[in-house]
Asks: 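One structure, as structure tokens, below. Some questions next.
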Amino acid sequence: MRYFIQFSYFGKAYHGWQNQPNALTVQEVLEKALSTLLRQKVEVVGAGRTDTGVHAKEMFAHFDFNEIEDLEELVYRLNAFLPEDIAVQQICRMSQEAHARFDAQERTYEYWVVQEKNPFYADSAHFVKYPLDLKAMNQAASLLLEHSDFECFSKSNTDVKTYICDVRHAKWEEKEDRLVFTITADRFLRNMVRAVVGTLLDVGVGKMAPEEIHTIIASKNRSEAGVSVPAKGLYLTKVLYPKEIFNEQK
């Protein structure tokens, strides 16, 4: 049977989501916990990848296993077994065709910026001491929705076949003591959100005008865009699936 697992993690201790040799990843820790508790090797397929140090408030993965009678008990045991920086919210039975990665329709990320030194955000937000023009940053962010090829924001030497992304929302907001940038798309390129934020911060400090976003995107050149901001301020906050795949669960 196929199961979806919903979980979250604080990414500081991990070299991203995906398994890799000689580096601790969230996927490795989750697979080890499931395999130990279910007493059989379990492999999980994630909804996507997050880079080293990036956090996830909502992440999904799927795995295949025999009938599990008490899923709530498994959630409880997993949370007792996993380290404090990974938490499982629920496990659902799905149809055998449901796929955590390929069925995801869109993903939403947040990036947190603080403008005053705050020890409670030392590992969870990016500190920018210079004044920021939020209006100009949002003007530039809105221009992202007019484009589809985001090669200029992609990490070099990636193995993707296309740089096309459908960006559906991009906006800065003041939330309590943070500036939060929210962006939603059907998919994201490696390093894309951090490069977008770095470019928008250049607009915010007056290094470039908002409309220069058009020129940067047209260049398809990573060196034309801003620097990548630190991973610690980035959060995967939502993965959207079609409702019918949950209605088909067995």
Side-chain angles (χ1 to χ4, degrees), residues 2-38 41-63 65 71-92 94 98-104 106-114 119-126 155 175 178 180-185 187-194 197 228-241:
R2 178 151 294 181
Y3 299 88
F4 264 35
I5 179 169
Q6 180 187 345
F7 57 103
S8 55
Y9 54 87
F10 193 76
K12 181 182 178 182
Y14 303 100
H15 288 257
W17 156 256
Q18 191 168 24
N19 281 334
Q20 50 185 296
N22 306 316
L24 184 67
T25 66
V26 179
Q27 184 178 17
E28 175 189 341
V29 173
L30 187 59
E31 286 182 340
K32 183 178 179 181
L34 280 166
S35 299
T36 300
L37 294 175
L38 296 175
K41 184 174 174 58
V42 176
E43 295 181 353
V44 298
V45 177
R49 292 185 247 182
T50 56
D51 290 337
T52 298
V54 175
H55 320 293
K57 289 187 171 185
E58 180 179 272
M59 179 66 149
F60 288 88
H62 75 249
F63 66 94
F65 199 74
L71 292 176
E72 288 188 10
E73 173 69 13
L74 179 57
V75 170
Y76 175 82
R77 294 174 65 207
L78 266 175
N79 281 322
F81 193 86
L82 287 164
E84 290 182 347
D85 51 13
I86 302 176
V88 174
Q89 283 77 49
Q90 63 175 330
I91 300 175
C92 302
M94 307 295 289
H99 198 286
R101 180 182 174 192
F102 297 138
D103 283 337
E106 64 181 33
R107 294 136 173 105
T108 298
Y109 281 90
E110 287 182 1
Y111 194 86
W112 294 5
V113 169
V114 290
F120 298 103
Y121 287 123
D123 294 323
S124 57
H126 178 40
K155 195 166 188 174
K175 294 187 177 180
R178 293 164 289 141
V180 178
F181 177 63
T182 305
I183 185 167
T184 300
R187 65 190 286 263
F188 288 94
L189 306 169
R190 281 194 69 193
N191 204 57
M192 176 176 165
V193 180
R194 291 162 60 196
V197 172
S228 292
V229 287
K232 64 181 182 179
L234 184 59
Y235 298 79
L236 175 63
T237 59
K238 188 171 182 61
V239 183
L240 182 68
Y241 292 96

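We number each residue from 1, following the sequence as shown. Computed from a predicted model, the values in this text were never measured in an experiment. Below, all heavy atoms of this structure are taken into account, side chains as well, without hydrogens, waters or symmetry copies.
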Asks: Check whether any side-chain heavy atom of Tyr235 lies under 4.5 Å from a side-chain heavy atom of Tyr109, and answer yes or no.
Replies: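 They are not in side-chain contact.
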Asks: Anything under 30° is parallel, anything over 60° is perpendicular, the rest tilted; go ahead and classify Tyr14 against Tyr9.
Replies: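 Geometry flag for Tyr9 against Tyr14: perpendicular rings.
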Asks: Counting the benzene-type ring for Trp, do Phe60 and Tyr241 have ring centres under 6.0 Å apart?
Replies: yes
Asks: Using a 4.5 Å cut-off on heavy atoms from C-beta on, say whether the side chain of Leu236 contacts that of Glu58.
Replies: no
Asks: Is the charged tip of Arg178 near the ring of Trp112: under 6.0 Å from the six-membered ring centre and within 45° of its axis?
Replies: yes
Asks: So do the side chains of Leu71 and Cys92 get within less than 4.5 Å of each other, counting heavy atoms only?
Replies: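 Side-chain contact under 4.5 Å: no.
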Asks: Classify the angle between the aromatic ring planes of Tyr111 and His126 as parallel (below 30°), tilted (30 to 60°) or perpendicular (above 60°).
Replies: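 Ring orientation, 0 to 90° scale: perpendicular.
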Asks: I need the full list of salt bridge (charged side-chain N to carboxylate O under 4.0 Å, His left out) pairs touching residues 12-35, with sequence neighbours left out, sorted by first then second residue.
Replies: Lys12-Asp123
Asks: Show your reasoning for whether side chain to side chain contact (heavy atoms under 4.5 Å, CB included) applies to Ile5 and His62.
Replies: CA-CA 6 Å; Ile5 179 169; His62 75 249; over 6 Å; no
Asks: Check the side chains of Gln90 and Gln6 for a donor-acceptor pair under 3.5 angstrom, ignoring hydrogens and angles.
Replies: yes
Asks: For Phe65, I'd like to know if atom CZ has over 12 heavy atoms of other residues, nucleotides or ligands within 6.0 Å.
Replies: yes
Asks: Could you check whether any side-chain N or O of Thr237 sits under 3.5 Å from a backbone N or O of Lys57, counting only pairs where one atom can act as donor and the other as acceptor?
Replies: no
Asks: Could you tell me the separation between the CD atom of Gln27 and the CD atom of Gln20, rounded to the nearest 0.5 Å?
Replies: 10.0 Å
Asks: With a 4.5 Å limit on heavy-atom distance, are the side chains of Leu240 and Arg107 in contact?
Replies: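 No, side chains not in contact.
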Asks: Do Trp17 and Asp51 have side chains that get closer than 4.5 Å, going by heavy atoms?
Replies: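 No. Closest side-chain heavy atoms not under 4.5 Å.
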Asks: Out of curiosity, Leu30 CG to Ile86 CD1, how far, rounded to the nearest 0.5 Å?
Replies: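 One finds 6.5 Å between CG of Leu30 and CD1 of Ile86.
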Asks: Which atom names give the shortest non-hydrogen contact between Thr25 and His15, and what distance separates them?
Replies: CG2-O, 3.7 Å
Asks: For Val180, is there any backbone N or O sitting under 3.5 Å from a side-chain donor or acceptor partner on Glu110?
Replies: no
